[in-house]
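All ligand and atom numbering here is 1-based and tracks the order in the structure.
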Amino acid sequence: MTTIFEQDTMSPAILVTGASRGIGEAVYRRLARDGHPVIGTYHTSSIPAARLAEELEQEPFVQVDLADEASVGALMDGLRGRPLKALINNAGVIEFETFGKFDLGIWQRSFAVHCDAALKLALGLQEAIQDGGSIINITSTDAFLGGFDTLSYAASKSALDSLTKSLAINLGPRNIRANAIAPGWIDTDMGTRFAEYVAGMTPLHRLGRPDDIAGIASFLISDDAAFVTGQTIVADGGYYLVDPVMKWEAADNET
Ligand code: NDP
């Protein structure tokens, strides 16, 4: 099959990490539909990744383990000489931990995938990102909260949120913008088994869909967001605003 890159190899592409499923897949689909050449990465989902690239007539996905420094280096080597319009650090992993039996390995893996990889890709690919281009980091509303059994996840997302602001400050003079999207509960493999409860507590009365995040990514890389940098857009249907006790009290007062 002829890929878009075989037709036009110098078109600035968008790199989306973790595009093989969930939010990353929706972002990949949306940006391809918007007419951008998109390069997706996967870790283990080789078959869905291959199908996706073929369906959308994009070049093949690149395999990478973002927790592995050499693998991240190989990804960047493979992109050498490629102009980029945007870098979207989406890939993520959640590992549950017990506070009393804290596992430093989980902490290190969380930071490696969410922060170290995002930083290395931003630094390593900054020259490839064109004037007017952007970086988007997918964080989480957990970045603003403490974690019971997800403290490594929450801390690493918080650090990624901070990194976004530093990238905005340092890359702004080159007219490269950096923003974060902080999803709330989104219906993916990483989502919650308490979906019904979450929907009930959310002002918009539903979980988020991966497409809800994809639309924001499409906006942030567009010229409509040309003066938006260093920001975190929360997309949680209003869940974060609700104090459960106040909601229950209000319901109780009505009866
Ligand atoms: P999924 O679990 O559905 O998908 C995770 C993606 O990340 C997959 O493409 C996976 O690749 C990739 N990935 C995981 N580990 C690695 C690794 N070590 N190296 C490279 N790639 C890796 O997650 P979501 O789509 O739900 O989440 C996407 C982002 O959104 C994450 O950063 C997550 O933290 C964040 N988020 C999600 C929320 C939710 O409720 N779903 C809420 C808030 C934030 P593969 O499939 O090939 O293994």
Side-chain angles (χ1 to χ4, degrees), residues 15-30 38-53 60-76 87-96 105-106 108-118 120-121 135-145 147 150-161 163-164 180-195 197-199 201-202 206-214 216-217 232-237 239-240:
L15 178 66
V16 184
T17 67
S20 45
R21 57 196 165 94
I23 293 171
E25 176 184 343
V27 169
Y28 180 95
R29 284 183 180 279
R30 171 62 191 259
V38 192
I39 304 171
T41 77
Y42 72 97
H43 180 212
T44 58
S45 305
S46 58
I47 294 170
R51 284 196 187 127
L52 202 51
F61 272 55
V62 183
Q63 198 278 336
V64 65
D65 179 359
L66 293 169
D68 181 85
E69 188 157 5
S71 187
V72 176
L75 169 65
M76 290 193 289
L87 160 65
I88 304 188
N89 291 305
N90 161 77
V93 63
I94 197 160
E95 288 185 75
F96 297 97
I106 295 180
Q108 288 165 338
R109 279 193 296 280
S110 299
F111 273 79
V113 174
H114 300 142
C115 290
D116 301 10
K120 284 175 200 156
L121 291 174
I135 296 173
I136 299 176
N137 294 323
I138 306 296
T139 61
S140 169
T141 47
D142 286 13
F144 319 125
L145 302 165
T150 53
L151 67 142
S152 299
Y153 180 82
S156 63
K157 289 294 188 176
S158 194
L160 182 59
D161 194 59
L163 173 63
T164 307
I181 304 172
W185 291 110
I186 309 294
D187 190 11
T188 69
D189 295 343
M190 199 188 274
T192 176
R193 63 182 191 277
F194 300 109
Y197 170 80
V198 172
M201 292 303 289
T202 301
R206 65 172 175 87
L207 261 68
R209 303 175 189 115
D211 280 345
D212 293 325
I213 308 303
I216 302 167
T232 301
I233 298 185
V234 173
D236 70 344
Y239 178 85
Y240 191 60

Could you give the side-chain donor-acceptor pairs of residues 60-74 under 3.5 Å, partners two or more places apart or in another chain?
residue, atom, partner, partner atom, Å
Q63, NE2, H43, O, 2.8
D65, OD1, A67, N, 2.9
D68, OD2, A70, N, 3.3
D68, OD2, S71, N, 2.8
S71, OG, D65, N, 2.9

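Taking only nitrogen or oxygen atoms, main chain and side chain alike, T188 reaches within less than 3.5 Å of ligand 1. Ligand 1 has no N or O atom lying under 3.5 Å from any N or O atom of P183, backbone or side chain. For ligand 1, none of its N or O atoms has an N or O atom of V113 under 3.5 Å away.
Counting heavy atoms closer than 4.0 Å to ligand 1, residue K157 contributes side-chain atoms (C-beta onward) but none from N, CA, C or O.
Atom CD1 of I88 is separated from atom CD1 of I39 by 12.0 Å, given to the nearest 0.5 angstrom. The CG atom of L207 sits 13.0 Å away from atom OH of Y197, with the distance rounded to the nearest 0.5 Å.
Short contacts between ligand 1 and G22, defined as distances under 4.0 Å to a heavy atom of the residue, involve ligand atoms 3 (O), 25 (O). Every atom of ligand 1 with a heavy atom of Y42 under 4.0 Å away is listed here by number and element: 47 (O). Shown in contact with M190 at under 4.0 Å from a heavy atom are these atoms of ligand 1, numbered in order with element: 2 (O), 23 (O), 26 (O), 33 (C), 34 (O), 37 (C), 41 (N). Within ligand 1, the atoms closer than 4.0 Å to a non-hydrogen atom of D65 are 17 (C), 18 (N), 19 (N), numbered from 1 in the order shown. Those atoms of ligand 1 that come under 4.0 Å of a heavy atom in V64, given as number and element, are 19 (N), 20 (C).
With contacts defined as side-chain heavy-atom distances shorter than 4.5 Å, the pair L52/R29 qualifies.
Protein heavy atom at the shortest distance from atom 22 (C) of ligand 1 is H43 CB, 3.5 Å. Taking atom 40 (O) of ligand 1 as the reference point, the nearest protein heavy-atom neighbour is I186 N, 2.9 Å. Atom 25 (O) of ligand 1 has as its closest protein heavy atom I23 N, 2.8 Å. Of the protein's non-hydrogen atoms, the one nearest atom 11 (O) of ligand 1 is S20 OG, 3.4 Å. For atom 44 (C) of ligand 1, the closest heavy atom belonging to the protein is T139 O, 3.2 Å. The shortest contact between atom 10 (C) of ligand 1 and any protein heavy atom is with R21 NH2, 3.9 Å. Shortest contact from atom 48 (O) of ligand 1 to any protein heavy atom: T44 OG1, 2.6 Å. The protein atom (non-hydrogen) at minimum distance from atom 42 (C) of ligand 1 is G184 O, 2.9 Å.
Taking every heavy atom of both residues into account, S45 and R21 meet most closely at OG-NE, 3.6 Å. When all heavy atoms are compared, the tightest approach of G22 to T188 is CA-CG2, 3.9 Å. The heavy-atom pair separating V113 from A91 by the smallest distance is CG1-O, 4.0 Å. Shortest non-hydrogen contact noted between A235 and I186 is O-CD1, 4.2 Å. A pairwise comparison of heavy atoms in A118 and N137 identifies CB-OD1, 4.2 Å as the closest pair.
With sequence neighbours excluded, the residues satisfying side chain to side chain contact (heavy atoms under 4.5 Å, CB included) with Y240 are F144, L145, D236.
Of the listed residues (W185, Y153, Y28), the one carrying the non-hydrogen atom nearest atom 36 (N) of ligand 1 is Y153. Around atom 31 (C) of ligand 1, the closest heavy atom drawn from L66, N90, I138 belongs to N90. Residue nearest to atom 5 (C) of ligand 1, selected from G191, G92, A91: G92 (by heavy-atom distance).
A side chain to side chain contact (heavy atoms under 4.5 Å, CB included) with N89 is found for one member of T139, I135, T164 and no other, namely I135.
S110 places a side-chain N or O within donor-acceptor distance of the main-chain N or O of I106, the cut-off being under 3.5 Å.
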